[in-house]
Structures are given as C-alpha cells and as structure tokens.
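Note that the structure is a prediction, hence the values are computed from the model and not measured. A note on names: the letters A, B, ... follow the listed sequences, proteins ahead of strands, and every chain is numbered from 1.
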Amino acid sequence: MMPLLLIIPLAWAILCILLPQRWLSLTIRAGLLLQVGAALLLTADVYVNGPIEYALGDWQAPLGIALIADGVSVTLISLSAVVALFVAFYAQSYLQRYEHEQTYFWPLFWFLLASLNGIWLAGDLFNLYVGLELLGLAAVGMVTLTGEKPALHAALRYLYAALLGSLAYLAGVAILYGAYGTLAIPQLGELLDANITTFVAIGLISIGLLLKTAIFPFHYWLPPAHGGALAPVSALLSALVVKASFYILARVWLDMASEINSHVVLYSAAQGLGVLGAGAILWGSWQAYKAAQVKMLVAYSTVAQLGYLMLLFPLAIGTTAVAAGLAWQGAMLHLLAHGFAKAAMFMSVGTLVLAIGHGKVNDLAGVSHRIPISLFAFGLSAVSIMGLPPSGGFNAKWLLLQSAMASQQWWWFILLVVGGLLTAAYVFRVFRISFVEKATHEFSSTSSTLDFTALALAAIAIAMGFFSQWPLSLLQSSGFQGGGL
Amino acid sequence: MSLLLTIVQTILIGTGVLFFLVGSIGLLRFPDTYTRIHALTKADNLGLGMLVVGLLPFANSPQQALKILLCWVLILAASSVSAYLVANKLQNEEPDA
Amino acid sequence: MMPEFTFWLPVVVVGTSLLAALIIFALPEAQQRTRSVLNIGAAVVKLAIVAYMVQLIMAGDIAETRFEIVPGIDFLLRADALSMLFAGLSSVLWLFTTLYAIGYLEGSPHRSRFFGFFSLCVASTMGIALAGNLFTFLIFFEMLTLSTYPLVVHRGTEASLKAGRTYLRYTLSGGAVLLTAVALFYGLFGAEAAEFTEAGGFQTLGEGSEVSLWLTILFFMFIAGLGVKAALVPLHGWLPVAMVAPAPVSALLHAVAVVKAGAFGIVRVVYNVYGIEFAWQLGVLLPLAILAAITILWGSLQALRQIELKKRLAYSTVSQVSYIVLGVCLFGPIGTIGGLVHLLHQGIMKVTLFFCAGNYAETLGIHRIDELDGTGKRMPLTSIAFTIGAFGMIGVPPTAGFISKWYLASGAFAAGMNWAVLVLIISSMLNAAYFLPILYRLWFKPQKQPWPDEQIAAARFETHGLLLWPVVATAVFSIAAGLFAAHAFSPLTWATLISVREYLP
Amino acid sequence: MISFSVDFWYAGIGAALIALSLLAFLLSKRLLKKLLAFNIMGSGVFLMMVGMAQTQNDGAADAVPQALVLTGIVVAVSATALALVVIRRFALASVVAALAAENKAAENDAAENDAAEKNGAERTGSDTAVSDTTVTDTALTDPNLNKNGDPQ
Amino acid sequence: MIAFDILLGLGMLLAAAGVFWSADLFRAIVMFVVFGVLLALAWLRLQAPDLALAEAAIGAGLTGVLLLDTLSVLRAKKTAAGKLPPVDQQLLNTFTSTRACAAQNNHGKGHENLRFLAVGLLSLGILIALQAALFMRPEAAVNLPSMVAEGIPDAGIEHPITAVLLNFRSYDTLLEVAVLLVAVIIGLSLRIPSNSNEQQAPSSALIGARQAAYAGVISEDGGNDPILRNFTQRLIPLVLVTGGYILWAGSTMPGGAFQAGALIAAAGVIARLAGYNIASRVDQLLRFGLVLGFLVFLTVAASVMFGGRPFLNYPDGWAGSLIFFIEAMLTFSIGLTLLSLFVHSPGDGAEPNAKSSQRSVKSGSTVGSDNGVGNRPPGNSGKAEADHD
C-alpha cells in the first residue's frame with residue numbers, strides 16, 4: 001500500500017505531460033483526491049499498528065532499498081498531501097492568465113510531490129540524495145516558469161546553492177558508505193561509533209542540508225527565489241520543499257546518530273546549530289521588517305521561522321528524555337503549523353498582489369475592505385506564524401518553551417519569546433497599511449477560489465491550536481523519539 | 001619465435017610513441033593554427049598506425065583484432081575531417097590572414 | 001452530575017459569538033438588517049445561556065468542558081461563581097452596546113468588518129471569563145488583543161493607526177511577559193497547580209525559600225502581564241490614546257472588556273492560583289496594593305488635566321479599575337466583596353458615561369468639556385444619565401458606586417490598612433473635582449455658541465432612539481444595583497457568595 | 001588504518017579535487033566557471049565514493065558504489081544541462097530587458113520634450129512600471145514589472 | 001603501474017587547475033573535456049569500466065558539447081547586442097564580470113584577497129578533513145559486494161552493476177530517470193514560446209531587439225559542408241550500431257541503458273551539427289518519446305503489484321527479459337532527452353517551427369575565434385558569459 005504514495009504522483013506527472021489541455025483540470029483533481037486518500041489510509045494504518053517497513057523489489061535493506069513509514073513520516077505525508085491539494089486548487093484558478101506557464105507547472109508539481117513523498121518515506125541515504133536532487137530541480141524549474149529576468153537570476157542562485165548542498169550531502173554519504181559499507185539508515189544507526197570519519201561525514205551532510213534548508217548563513221538564495229516566483233510556487237517551496245532537507249537533518253542527527261550524539265563533539269555541534277537558528281530568527285525578522293516588497297517580507301519570514309526548527313537540535317541532544325521528547329514534538333508541530341500557515345500566507349499575498357498589480361507593501365493601502373477574505377486569511381496565518389494562541393504555532397512554541405525549561409537552557413527560552421515579538425513587528429506592518437482608508441491603486445477582481453483555498457489552509461493552522469493532540473499522539477507512536485525516549 | 005615477435009613489437013610501439021612525441025612538440029613549436037593542424041593530424045595518425053600494427057599479433061581473438069583496426073580507421077577519418085573543418089572555419093573568419 | 005449536555009454549555013456560549021463573527025464577516029456590506037438581527041440575536045442567546053448557568057451555579061452544579069489540547073495540559077472551560085460574575089457583566093453590557101453601536105454607526109462604511117471583530121471580542125471575553133486554567137486563559141487573553149486591534153484602527157485615519165501601533169506595543173509585550181510567566185509556572189509547578197481551584201492551589205506549601213522566591217517573581221510577572229490590560233500606572237499609556245476609536249469601541253472595550261479582563265486576570269491569579277491566604281503569607285499583596293493606590297491617585301490627577309471629555313473618562317477608568325485591584329489586596333472577606341462588586345458596578349457606570357459622551361459627540365459634535373454648556377436643556381435624558389453615572393463614580397449614596405466604596409472602606413478597616421481608606425477618600429474628592437464642573441456646565445451654564453455640528457435635529461426625543469435607550473437602561477441599572485443591593489440576583493449578593501467560598505471555612 | 005593502494009590514491013585525488021573545485025566555486029564570479037567547478041567537484045565526490053568503498057575487503061571491485069556513481073553522473077549531467085538552459089534564457093532576458101529599458105528611456109525623452117511644450121510636466125515616467133529601471137538595475141530589488149500587471 | 005597512477009592523478013589535478021585558472025572560458029571548457037578523458041582513464045584503473053564508458057560518453061562528451069554550445073550562443077548575444085542601434089557602453093556592462101565592477105570600486109583589491117584567504121583556508125580545512133576521514137576509516141562491518149554476489153543468480157542479470165541498477169536498487173534508477181525528465185521539461189518550458197506572446201509588451205523596438213539578438217547567431221553561413229555531410233552519413237549508422245551493441249552487452253558486460261542513450265544522443269548531435277534537419281523530427285516524437293522510457297519502467301514496476309508482489313519486483317524467470325525491455329525503452333528516451341536538451345535550449349534560434357538553420361561546425365568556429373581573441377574591443381567587455389556571482 002505504501003508505494004501507492006510514490007506511484008500516484010509519478011503516474012500523474014506523466015499524465016500531465018501527455019494529456020491535452022482540456023482534460024487536465026479533471027485528472028489533476030482526481031489525482032489530488034487519490035493522493036489525500038492514500039495518505040490518510042497510511043496514517044490510519046500506522047496509527048493502528050505502529051511503524052511499517054517495506055522492502056522495495058523484495059530485496060532486504062542493506063542490498064535493496066527499504067521504505068519506512070513511522071509516525072513522523074506519515075504526519076508529513078498528510079501535511080504535503082493536504083497542502084498540495086489546496087495549492088493545486090489555488091493554482092488552477094491563479095494560472096489561468098499564464099497559459100504558457102500552466103502547461104509546464106503541472107508536471108513539475110507532481111514530480112515535486114513524488115520526490116517529497118519519496119523523501120518522507122526513504123530509509124536509505126543515497127535514495128534521499130536522488131530524492132533531494134529531483135526535489136531541487138523541480139523547485140528550480142518552477143521558479144524559472146515566468147521567464148522574467150529577476151526570476152531567472154533567483155533561480156540560478158537557488159540552483160547553485162541546491163547543487164552545492166546536494167554534493168556536500170553526497171560526499172558525506174560516500175564517506176559513510178566507505179567506512180561502514182551500508183546505506184540503510186536503521187543499520188547505520190547500530191553500526192555508527194564516534195570516530196573522526198563519522199564526525200566528518202555527519203558534518204558534510206549537515207552543511208549540505210543546511211544549505212538546502214536555507215538556514216541563516218546560507219539563506220541568501222531563498223528570499224529572491226521564493227519572493228520572485230509565482231504565488232502557488234512560492235507557497236509550495238516555503239511550506240514543503242525547505243522542510244524536506246530539514247526532516248533529513250533531523251533523521252540523521254536524532255535517529256541515525258542517536259547513540260553517539262551525546263558525544264562532546266556532536267553535543268557542541270548541536271548547540272552550534274541552535275546558534276545558527278537564533279541567527280536565522282534575528283536576521284530573518286530584521287530583513288522582513290525592512291523588506292519593501294510584500295512577497296520578500298513573507299520570504300524572509302520563512303528564513304526566520306526555519307530558525308525555530310533548528311532549536312530542535314540543542315534542545316533534544318544531550319538533554320533529559322523528557323526535554324528531548326518535548327523538543328521533538330514541539331519542532332514537528334511547528335513544522336506542521338508553519339507548513340499550513342506559510343502556504344496560506346503566500347497564497348493570500350499572491351491574491352492581493354494579483355488584484356493590485358503592484359508588489360510593494362505600501363501598495364496594499366485600503367485592502368481591508370476591498371479584498372477582506374484574503375486579508376483575513378493572511379491574518380489567521382499570521383496569528384499562527386507569530387505563535388499567538390489559539391494556533392498550531394502557539395502550541396509548538398509552548399512545547400519548545402517547556403522543553404527549554406526542562407533542559408535548563410534559558411537562552412533558548414528568551415529567544416523564543418523575543419522571536420514571537422519580532423515576528424509581530426513585521427506582520428503588523430502589513431496590517432497597519434491594509435487598514436489605511438484611501439487606496440492608492442484600483443483593484444481588479446480575482447476569483448473567489450483564490451480567497452477560500454487560502455482561508456481553508458489558514459483555518460487548519462488555527463484549528464491545530466485546538467486539535468494538536470492528534471498529530472502529537474501520532475508522533476508518539478513514531479519509530480524514533482528524537483533521541484531521548 | 002616469440003622473442004622475435006616481442007622485438008618487432010617493441011620497435012613498432014617505440015616508433016609509434018616517438019611519432020606522438022614529435023606531433024606534440026610540433027603542436028607547441030609551430031607559429032599558427034594551420035601548421036599546428038598538420039603536425040597533429042599527420043604525426044599522430046602515423047604513430048597510431050604503428051601502435052595498432054604493434055598490438056595486432058597479441059590480440060587474443062580475431063574479433064578483437066578487427067575492433068582495433070576499426071578504431072584506427074575511425075580515428076583516421078575523424079581527425080582528418082576535423083582538421084579540414086578547423087582550416088575551413090579559419091579560412092572563413094580571416095580570408096587574408 | 002447533570003446529563004452530558006452541561007459538557008457543551010460553556011463551548012456553546014463562546015461558540016455563539018464566534019459563529020456570529022464568521023457569518024457577519026461573510027455578509028456583504030449592504031445587508032444591514034440581517035447583520036443587526038444576527039448581532040442582537042447572538043447577544044440575547046448568550047444572555048439566556050449565561051442566565052441558565054447562573055441558575056445552575058446557585059444549585060451548586062458546575063458546567064465544564066475539558067479536553068487535552070497539548071500533552072499533559074487540558075483546554076478547560078468551567079463556569080464557576082467568579083466566572084459567572086464577569087460573564088454576566090459582559091453579556092448584559094454587550095447587548096446594550098450592540099444596540100448602541102448599530103445606532104451609532106448608521107451609514108458609516110465597513111460595518112460588517114466592525115461587527116465581525118466586535119463579536120470576536122465578545123467570544124474572547126467569554127473565553128476569558130470561563131477559562132478554567134492558566135493555559136486556556138492565556139489563549140483567550142491573546143485572542144482579545146488580536147480582535148480589538150482592528151476595532152481601534154477601524155477609522156483608518158493616521159491618528160487611529162498611531163493609536164493602534166501604541167496599543168499593540170503595550171499589549172503584545174504584555175502578552176509576551178504573561179506567556180513567559182505562564183510557561184514558567186507550568187514548567188515549575190505542573191498542570192494541576194495551574195487549574196483555578198476555589199481557594200487557590202498553594203495553601204499549605206512549606207516555607208522553602210527556593211520555591212517561594214520563584215513564586216514571588218512569577219507573581220510580579222503575572223501582575224506585569226495582566227497589568228497592561230488592567231492599565232496599572234506605568235503600563236496604562238495605551239488607554240487614553242485608544243480613545244480615538246469610535247464611541248461604542250471605547251465604551252465597551254475600554255470600560256468593560258479589555259480593562260476588566262486585566263483586572264479579572266489579577267483576581268483569578270490572586271484568588272484561584274495563589275489563594276488569598278498564601279498570597280498574604282508571601283507578602284506580595286502589600287506592594288500590589290501600593291501600586292493600585294498610586295494608579296488611583298495618578299489616574300484622578302491626570303483626569304483633572306484633560307480638556308477632552310473622552311480622555312477625562314479614560315483616565316477616570318484607569319483609576320477606577322485600580323479600586324478593584326486594591327479591593328483584591330485587602331486581606332479579608334469584606335475587602336474582597338468590595339473589589340468584586342466594584343468590578344460590576346464600575347462596568348455599568350463607566351458604560352453609561354461613555355455612551356453619553358458618544359451621544360454628545362454624535363448628536364451635537366461636542367468633544368471638549370468647555371463645549372458642554374447648556375447641553376442639559378438640549379439633551380435632558382442623556383445628561384441625567386451622565387449625572388447618575390458621575391454620582392456613581394464619586395460614590396454618592398443611592399448609586400452602585402457608593403456600595404462598592406463603602407465595602408472597600410470597611411474592608412480596609414477590617415484588614416487594618418487604614419492608609420487605604422485615606423486613599424479612597426482623597427480619590428473620591430478628586431472624582432468630585434473632575435466630574436462636578438462638567439455637571440455644572442451641563443445644567444447651570446447657558447448655551448454660549450451654537451453646537452459645533454448638530455447632525456440629529458431635536459425631534460420628539462433628543463437624539464436617535466437606538467442611541468438614547470441603551471444609555472437610559474444602563475443608568476437605571478446603576479441606580480438599581482445601588483438600591484436593590486440586597487436582592488437575590490444583585491451583584492452584591494453574588495460577590496458575597498464568591499468571597500465566602502474564597503476563604504477557608 | 002589502511003595501507004596504500006590504488007583505490008586509496010584515487011580517493012585521495014578525489015578529495016583534493018573536491019577541495020580545489022570548492023575553492024574555484026567560491027572564488028569565481030562567472031556562472032559558467034562555477035558550473036565547471038561544480039562538475040569537477042561532482043567527479044571528485046564520485047572518485048571518493050568508489051575509491052574509499054573499494055579500500056574495504058582488500059580492493060575487490062564493489063558494484064554498488066559504481067552503480068550509485070553511474071546514477072550520480074546522469075544526475076550531474078541533467079543538473080548541468082538545466083543550469084545551461086537557465087543561463088542562456090537569463091542572458092537572453094537580460095539583453096531584451098536592457099534593450100527595453102533603453103528604448104523606454106528613449107521614448108521617455110521624446111515624451112518629455114513634447115510634454116514640455118504642453119507644459120504638462122506631471123507625466124514623468126513615474127507611472128510606467130518599466131521606466132524607472134536604470135540600465136544596470138540590480139535585478140533583485142527593483143523588478144521591472146511588465147505592462148499587464150504581471151507580478152514580477 | 002604506480003607511476004602511471006600518480007601521473008594520472010596529478011594530471012587530473014593539473015587539468016582541474018587549468019580549468020579554473022584560465023581566463024578565457026573557451027580554454028576552460030577544453031581543459032574540462034581533457035579532465036573528463038583523464039577521469040575516464042582513472043575509472044578504468046579503479047576497475048569500473050562502466051563508469052569509464054559513462055564518463056567518456058556523458059561526462060566529457062555531452063557536457064562538453066552543451067557547454068561549447070552555450071558559450072557560442074552567449075558570445076553571439078554579445079556580438080548581436082554589439083550590432084544593435086547605437087548602444088552605449090553602459091548597456092554592455094550588464095555582462096562584464098562583477099570582478100571588473102569590483103575593481104572599479106576603490107577597496108576592491110583589499111576585499112579581494114581577504115576573500116581569497118578565507119576561501120583558501122576553508123578548502124584547506126575540508127581537504128584535511130576529507131583526508132583524515134579517508135585515512136582513519138574503520139573496517140566495514142557489512143560486506144555488501146558478497147551480498148550482491150549472492151543476489152546475482154536470481155536477479156536475472158550476470159553483470160553486477162546492471163543488476164544493482166535495475167533490480168536491487170531499481171527505485172534509485174526510476175527517480176534518476178525522473179530527474180532527467182524534469183531537466184528536459186524545464187528546458188522545453190524555457191524555450192521562447194514560438195507564438196511569442198512574449199509577456200513583454202511587443203513594442204516595435206523590442207521585437208526588433210529580439211530579432212537582432214537571434215540574428216547574430218543565425219547569420220553564420222550554413223554547415224552544408226560536403227565533406228562533413230558524407231562523413232556524417234557514414235558515421236551515424238556506425239554509432240547507432242555501437243549503441244545497440246552496448247545496450248545488448250549491458251546484461252553480461254559493462255554497458256547499459258545510460259551509455260547507449262548517450263551514444264544515440266551523440267549521433268543526433270553530430271547529425272544536427274552537420275545540418276541535417278533533426279529539430280523538426282525531434283519535435284514530432286518529442287512528448288511521447290521523452291516519457292516512453294519512464295512510462296514503461298513505472299508501468300512494469302507498478303503492474304507487478306497486482307500480482308501481489310512488492311513494488312519494483314520482477315516475476316521470477318521474467319526478470320532478465322523484462323529488464324532488457326525496460327533498458328531498451330530507457331535507451332531510446334535517454335537518447336532523445338539528451339538530444340532535446342541540446343536541440344531545444346533557448347536562444348540558439350532553433351525555434352521549433354523555425355526552419356532549422358544551417359550552422360557551421362560548432363568546434364570549428366570556436367577554435368577559429370581563438371586567435372580572434374587578440375583584437376578584442378578595449379576592456380574585457382568581450383567576455384559574453386552572463387556572469388553574476
């Protein structure tokens with residue numbers, strides 16, 4: 001049943017290439033519903049009888065490739081299925097004015113989804129490399145769709161960063177294979193012992209994945225790419241693509257290297273990752289506050305929010321089991337909440353910019369009463385991004401706060417609280433302008449599907465504030481508990 | 001018998017390598033492109049011919065011998081055509097030079 | 001245990017206005033009638049449910065909604081005595097303010113956006129009232145900030161945007177401090193201690209220096225976080241500035257919802273988290289009382305200096321709310337009764353005053369106090385209501401204000417804090433000092449120049465019906481709360497019922 | 001510890017190639033040069049992968065890393081081809097954009113001097129989205145939005 | 001043999017250094033091709049003939065051709081821009097390397113070697129780390145080659161590499177073909193839409209500019225060079241036969257879908273350079289041809305599941321022939337994909353419906369321009385590559 005999640009998107013990618021234009025929208029909707037159905041079935045399966053391992057081609061792990069579906073990967077599969085569903089509906093009405101882009105958007109969309117599912121389920125290091133590569137190229141392809149000069153320039157920078165990142169990752173994998181002779185993650189988890197080769201390999205893998213997750217010092221490529229792309233593309237990129245490489249980083253540090261990560265070298269490296277996260281939060285918020293374009297503001301906000309995810313490492317490595325468990329749940333909940341909220345934010349901003357025609361923040365004057373639903377969607381998603389209750393973002397921040405206290409790391413505690421305020425600073429910039437009475441531009445009408453898909457995703461992010469118990473209990477049944485438990 | 005063969009073979013391969021060396025020196029020493037093409041195409045092809053003849057007796061199956069000969073023929077054709085094209089292009093660029 | 005449906009009762013209360021908010025947002029601007037019907041309908045339904053729950057509490061049964069929201073922490077809505085006090089106050093006043101707002105905003109733009117956020121505020125206030133533990137309280141406390149910001153900046157002018165910015169700075173940083181305090185509290189003492197229990201969770205805690213040190217720090221962080229909304233002195237900056245908002249917003253939010261939420265939070269923390277005895281042993285009540293006293297005096301002094309009517313009322317709110325905080329710190333049942341009952345009385349009286357100020361602004365275009373000469377004759381009913389409200393503020397006998405000040409003073413004597421009585425007396429004199437000149441202008445001064453911009457002509461009644469009758473109703477309420485104080489359903493008996501349960505038998 | 005062998009030597013060379021091409025990648029300013037550096041770094045990584053793997057169990061040829069490297073080469077080629085396609089399109093877009101800006105500037109001058117006659121000076125080129133791009137516009141901060149309101 | 005290895009290793013390092021430190025991009029690309037050839041030899045020394053073949057065909061061959069083609073297009077853009085109506089120097093410096101701009105601002109020099117130092121230290125550190133990791137590696141606990149040997153009998157293929165590629169780790173290969181497909185889709189999407197409803201408002205000046213930008217490229221006379229033509233006529237059938245042979249040999253000896261596909265693509269490239277009208281034929285079978293290989297692979301892998309087998313498993317006994325069928329389809333698709341990446345990339349005037357222009361021999365023209373370098377216009381604005389760091 002599990003490979004269905006890989007077969008459906010790949011098959012639909014081919015369909016989107018071959019089928020003529022008029023049947024396209026129907027097949028896409030069918031594919032999306034199938035995808036969500038398969039994701040929910042797998043979730044139920046894992047929820048009932050725990051993690052499942054699936055040997056591809058009936059070859060056992062070290063020789064063949066194994067797919068591992070545990071609580072975490074299943075939650076992420078459902079996240080990507082639901083977000084993809086709404087982004088696809090949004091894209092169908094958003095891309096009506098871009099026929100050239102439309103023909104090439106859909107194959108790339110499905111390949112992106114296939115690589116995402118492949119990464120969530122992968123249990124093999126090299127398989128993750130090919131998945132990352134497919135993800136990177138599809139994402140770059142989507143950024144170049146408009147064919148305009150700034151988009152192409154941003155796509156080039158993104159491509160070079162992604163390629164450098166995956167090469168560093170591959171070097172790390174090469175060393176691990178050279179040293180231990182196997183690529184299967186669970187097997188490596190047992191074999192790994194704390195020596196120079198392992199540290200160098202994990203270091204290289206981490207640098208590569210940090211580059212692809214655009215964490216602070218390596219974030220230069222993200223804002224122009226996410227800011228310059230079409231709205232549905234930047235929604236997908238910010239909500240899902242950037243998370244894939246973070247997920248691998250978490251799996252490498254907390255699952256594969258779980259025995260040896262209390263070693264002093266890895267412990268201090270984890271604190272280093274935390275410092276990078278802090279840098280991302282401060283720098284991203286500052287840049288977002290200064291950004292002139294509203295899409296750049298949202299893109300820098302992604303850079304800042306990724307900083308919170310990096311706090312998982314200092315809080316989960318070398319700390320008590322309770323603190324590690326809380327940190328793990330907090331980080332995963334933040335990943336989910338940010339996925340929904342950021343996709344909704346980019347979609348609503350896309351609608352606003354499409355209606356106004358100009359992208360600057362102070363062009364948004366007088367939006368509140370002309371395009372209320374999109375602004376309301378932006379508002380709801382902003383609540384979750386700021387980590388104000390009642391939202392998924394708040395519960396995630398709460399869990400991270402508790403974990404910081406349980407592990408006596410007060411500096412992360414302060415960072416989390418201050419980070420929330422910084423986020424509020426740049427989010428309310430948009431609100432302040434939208435409530436201005438006099439509009440500086442005339443508004444063209446946009447179709448309502450654009451507003452309601454964004455609103456739906458934002459509502460999910462808010463609803464997670466009340467129902468975050470389901471995903472969290474699913475994480476409970478996950479194979480690995482973030483090193484601690 | 002085999003001693004004679006090895007002597008012939010070493011002589012042939014020796015001269016072949018020598019021709020390659022001459023070709024490379026020609027490449028470095030000659031003033032402009034036209035003369036360089038001559039050095040490269042002529043000397044190297046001859047050197048290659050020597051090598052092929054030197055290797056033929058040691059081919060362990062007739063197919064392999066044929067393959068080596070095929071290689072030689074192909075390289076001959078390719079290098080001469082590309083030499084011509086280079087010269088032709090140069091001619092179009094600056095007819096007077 | 002009553003049948004299953006009491007589980008859903010609190011959720012329904014909060015849910016009605018949430019649902020109303022969503023529907024109103026979706027309503028296009030034109031459908032004015034359906035929007036008003038929906039508004040009033042939601043307010044009435046909520047009032048009915050609250051009345052039923054009050055009746056339930058009298059029968060000694062507690063309606064409660066509880067489900068696990070974050071591992072180890074529950075989302076808890078519980079309707080106990082204290083929450084019913086605040087829920088009752090806000091649902092009653094909400095009905096009147098909705099009526100008043102419909103009248104006040106006649107013909108002004110973006111009303112569906114206004115009423116949407118309006119009912120969102122209602123929902124969050126109800127949530128604050130019914131919250132059963134610190135976590136749920138924090139959720140609705142922050143929700144209140146978010147839903148009041150659009151109301152403050154509703155007019156979209158430069159001044160209101162600036163006011164919105166200061167409002168946000170104060171409330172968001174206050175929220176951050178509160179979040180830190182609540183997180184630390186949960187981390188150090190676990191989820192059970194954070195539940196609001198009748199007599200507070202810490203009666204018998206030993207004198208361990210480590211724990212009590214943490215508890216005092218946390219107490220003052222709580223006070224700082226809640227103090228922003230309760231407009232305690234250093235943190236009150238946003239209140240006068242927010243007067244730029246339309247009258248119903250300043251009347252309801254800054255007299256009832258936001259400010260009271262802060263005071264209610266302090267009451268919850270002192271009584272139901274720490275417990276009054278333990279707080280007294282910890283010695284944290286005295287500094288809080290001093291802070292409240294300073295706020296009372298400072299607010300009254302500032303009110304004297306204001307020339308704008310709404311600004312003066314705003315500063316008087318700042319000082320009046322600190323009466324509640326002072327009442328809370330007076331260790332003894334009578335002091336508690338004084339504090340709690342003032343929570344209600346001040347709400348009713350302040351709403352009346354703000355409604356009158358709104359009427360003057362809307363009908364005659366009067367904003368400054370010196371323009372008030374001779375309005376008594378032109379708008380008799382509103383001016384009478386204003387006079388009743390003013391007397392209540394000063395504490396003149398028949399009004400509700402007198403009752404609460406009386407109990408506060410006797411509570412202070414009982415607790416042996418005589419200086420508090422002195423503060424009460426001085427502040428009453430200051431109240432008189434800034435209210436009586438207004439009354440004098442209203443009734444005894446002839447009308448000097450024509451009204452600044454008279455929008456509504458003096459037809460059969462002085463102004464628009466929807467503007468007039470809510471004012472009269474609240475004025476009558478403030479008199480009734482004073483006269484029939486001993487009645488079964490009056491605020492005073494309700495306050496005594498709560499305070500009896502607060503203190504150990 | 002491993003003894004000196006052919007595989008170890010080439011793995012070492014692979015490592016040297018990685019370091020060298022990383023140096024070149026970070027220092028070079030030209031996109032094509034960076035692309036060459038990327039390709040050579042890829043080859044270095046592949047060399048290391050096969051070399052290091054084959055130092056295990058005394059130098060026997062190991063099919064798995066070789067298959068992985070084959071996949072890697074194909075992936076590298078597709079990434080390079082994609083980069084080249086984007087570079088070409090970017091070069092073309094730059095020429096077209098630069099010329100558009102240059103022509104726009106020419107149109108504006110013409111518009112200005114006839115506007116000067118009608119002393120309707122207000123129609124400076126502020127409203128047309130393209131005009132404000134100087135020729136060497138930094139592509140990132142100041143996108144030249146095109147006429148029909150396409151977001152950049 | 002040790003001497004040969006050391007020489008080859010150092011040769012590779014020198015070739016790489018040559019690529020990075022040659023100022024002229026054309027020389028860098030030629031050095032890159034040399035590096036590719038040396039690398040192919042290195043693979044032979046590492047007992048990896050498959051990789052040598054792949055590196056020679058794909059790494060050095062096709063990548064070299066793509067690079068040269070892009071370079072010539074970029075240079076044509078430069079000359080095209082040059083030929084346009086009076087365009088001042090400022091327009092051109094959108095192309096000059098930013099180093100030139102960096103040199104213009106005063107503290108360029110100091111900033112420059114500070115950067116050099118930092119990057120030098122970084123790469124030195126990485127070198128030491130890699131060598132240390134290599135030198136101090138532990139003994140491998142898992143012996144995968146022995147597992148491969150055990151798995152070969154029921155994998156349906158003797159040659160271990162093809163067995164790993166298409167049976168043990170066939171999921172990797174599936175994704176890898178998907179990567180190729182994505183690359184070619186993006187290549188197609190970036191083509192200038194031939195009906196040219198170019199978003200830029202088609203003001204007359206703009207259309208003129210775009211035509212001119214192409215003109216620079218197409219103006220060179222066609223390549224209907226008699227010698228090249230009939231050399232190609234004889235060469236292409238030979239290349240196709242060799243490709244088929246390599247595909248067939250893949251199951252027992254080094255070879256396989258990717259190398260054969262690369263050879264077929266090479267045949268297509270030569271035909272295109274020789275001026276045969278490939279582009280139109282490539283378009284007809286484009287959409288279906290590109291997807292065919294991936295489609296077949298996916299359907300075979302998925303249809304097996306209906307028989308209750310796990311994904312990507314082959315019914316026993318059928319493995320060998322099924323894999324060969326998939327490989328044949330893959331070869332065709334990969335050949336078409338690599339060819340399409342060459343034929344359809346934007347800006348080389350090869351509009352899908354435009355008459356395929358006769359182009360002089362690519363390698364010939366670029367070598368020729370070598371000695372044209374001497375008389376470049378002042379300032380190095382001659383370098384055409386779009387170099388933004």
What closest approach, in Å, do [X] and [Y] show between heavy atoms, and which atom pair accounts for it?
| X | Y | answer |
| --- | --- | --- |
| A:Gly57 | E:Asn313 | O-ND2, 3.6 Å |
| A:Trp59 | E:Gly151 | CH2-O, 4.0 Å |
| A:Leu63 | E:Met147 | CD2-O, 4.1 Å |
| E:Pro310 | A:Tyr54 | CA-OH, 3.2 Å |
| A:Gly178 | E:Arg137 | O-CD, 3.8 Å |
| A:Val200 | E:Ala129 | CG2-O, 3.8 Å |

Examine whether an atom of [X] lies under 4.5 Å from a heavy atom of chain A, and if so say whether it belongs to the side chain, the backbone or both; otherwise answer neither.
| X | value |
| --- | --- |
| E:Asn167 | both |
| E:Leu181 | side chain |
| E:Val148 | both |

Main chain of E:Met136, side chain of A:Thr197: is a donor-acceptor contact present, judged purely on distance under 3.5 Å?
yes
Using heavy atoms and a sub-4.5 Å threshold, report which of residues 112-123 of chain A line up against chain E, by residue number.
A:Gly118
Name the region of [X], side chain, backbone, both or neither, that has any atom closer than 4.5 Å to a heavy atom of chain E.
| X | answer |
| --- | --- |
| A:Ala55 | backbone |
| A:Gln60 | neither |
| A:Leu135 | neither |
| A:Pro62 | both |
| A:Asn195 | side chain |

With respect to chain A, which residue among E:Ala133, E:Ala183, E:Ala301 yields the maximal number of heavy-atom pairs within a distance under 4.5 Å?
E:Ala133
Spacing of [X] atom [atom1] and [Y] atom [atom2] [to the nearest 0.5 Å]:
| X | Y | atom1 | atom2 | answer |
| --- | --- | --- | --- | --- |
| E:Thr299 | A:Ile14 | OG1 | CD1 | 7.5 Å |
| E:Asn143 | A:Thr182 | CG | OG1 | 11.5 Å |
| A:Ile65 | E:Leu175 | CD1 | CG | 8.0 Å |
| E:Phe311 | A:Ile7 | CZ | CD1 | 4.5 Å |
| A:Phe105 | E:Ile185 | CZ | CD1 | 13.0 Å |
| A:Tyr104 | E:Leu190 | OH | CG | 9.5 Å |

Using side-chain heavy atoms (C-beta onward) and a distance below 4.5 Å, is E:Leu130 in contact with A:Leu204?
yes
For A:Ile196, is the CD1 atom crowded, meaning more than 12 foreign heavy atoms sit under 6.0 Å from it?
no
Within 6.0 Å of OH in A:Tyr220, more than 12 heavy atoms from elsewhere:
yes
Checked A:Leu137, A:Leu10, A:Ile175, A:Leu6 vs chain E; the most non-hydrogen pairs under 4.5 Å come from A:Leu10
When you look at E:Leu290 and A:Ile17, which way does the side-chain contact (heavy atoms from CB on, under 4.5 Å) test go after all the steps?
CA-CA 10 Å; E:Leu290 291 180; A:Ile17 298 173; over 6 Å; no
Using the side-chain contact (heavy atoms from CB on, under 4.5 Å) rule, take A:Val130 and E:Thr173 through it: C-alpha gap first, then chi angles, then the decisive distance, then the call.
CA-CA 9 Å; A:Val130 186; E:Thr173 318; over 6 Å; no
Stepwise, does the side-chain contact (heavy atoms from CB on, under 4.5 Å) test hold for E:Val142 with A:Tyr180?
CA-CA 7 Å; E:Val142 177; A:Tyr180 296 96; over 6 Å; no
Hey, mind stepping through A:Val140 and E:Ile186 against side-chain contact (heavy atoms from CB on, under 4.5 Å) and telling me if it holds?
CA-CA 9 Å; A:Val140 165; E:Ile186 301 167; 5.7 Å; no
